[in-house]
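Report on the following structure.
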Amino acid sequence: MSKFGELIDAQVPVLLDFFTEWNEPSVAMDEVIRHVAAALGDKAKVIKIDIDKNKELAEALRIKGLPTLMIYKSGQMVWRQSGEMDANSLISLVQAQV
């Protein structure tokens, strides 16, 4: 959990994608997340977190639906949504936090 604190306490916005390998919408978002990361470059961090490997964190954050996307800025959650999204919407949301 302390490592999570370090991840989200960045100077740039942090987009988190909570997913699993077996969840179809999570798998579908993989390409979108890659596109978002490429488009944002060093203006933001994009991190994928497998909830099967991070059960304690998923429970602490009450992850229910997949994928769950979150944006953190300076260690504080500023946006959260479950479900699929398109790349342009995600890029706009993150850029609004830059």
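If you read the sequence from its start, that first residue is 1, and numbering goes on from there.
Cluster partners of V12, using a side-chain heavy-atom cutoff of under 4.5 Å among ILVMFWY residues and allowing indirect links: none. M29 belongs to a hydrophobic cluster whose remaining members, ordered by chain and number, are L15, V32, I33, V36, L40, V46, L69, I71, V78, W79, M85, L90, I91, L93, V94; membership requires side-chain heavy atoms of ILVMFWY residues under 4.5 Å apart, directly or through intermediates.
In this structure the side chain of I8 never reaches within 4.5 angstrom of the side chain of Q76, judged on heavy atoms. Residues L57 and I49 have side chains in contact (heavy-atom distance under 4.5 Å, counting atoms from C-beta outward).
A pairwise comparison of heavy atoms in I63 and I51 identifies CG2-CG2, 4.4 Å as the closest pair. Across all their heavy atoms, D50 and N54 have their closest contact at O-ND2, 2.9 Å.
Residue pairs satisfying the salt bridge (Lys or Arg N to Asp or Glu O under 4.0 Å) criterion with at least one member in residues 79-90, sequence neighbours excluded, are absent. For residues 60-74, the set of pairs meeting the side-chain hydrogen bond (donor to acceptor under 3.5 Å, both in side chains) definition, not counting sequence neighbours, comprises T68-S82. Among residue pairs with one or both ends in residues 27-62, none qualify as ring-ring contact (aromatic ring centres under 6.0 Å, His included); sequence neighbours excluded.
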Decide yes or no on side-chain contact (heavy atoms from CB on, under 4.5 Å) for L61 and F18, but give the supporting numbers first.
-> CA-CA 10 Å; L61 293 172; F18 291 89; 3.5 Å; yes
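For R34, the salt bridge (charged side-chain N to carboxylate O under 4.0 Å, His left out) criterion is met by D30, E31, not counting sequence neighbours. Judged as a side-chain hydrogen bond (donor to acceptor under 3.5 Å, both in side chains), and not counting sequence neighbours, the contacts of D17 are K48.
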What side-chain donor-acceptor pairs closer than 3.5 Å can you find for residues 19-27, not counting sequence neighbours?
from	atom 1	to	atom 2	distance (Å)
T20	OG1	N23	N	3.2
W22	NE1	D52	OD2	2.7
N23	OD1	S26	N	2.9
N23	OD1	S26	OG	3.0

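Of the possible donor and acceptor atoms, none in the side chain of D9 sits under 3.5 Å from a partner among the backbone N and O of G5.
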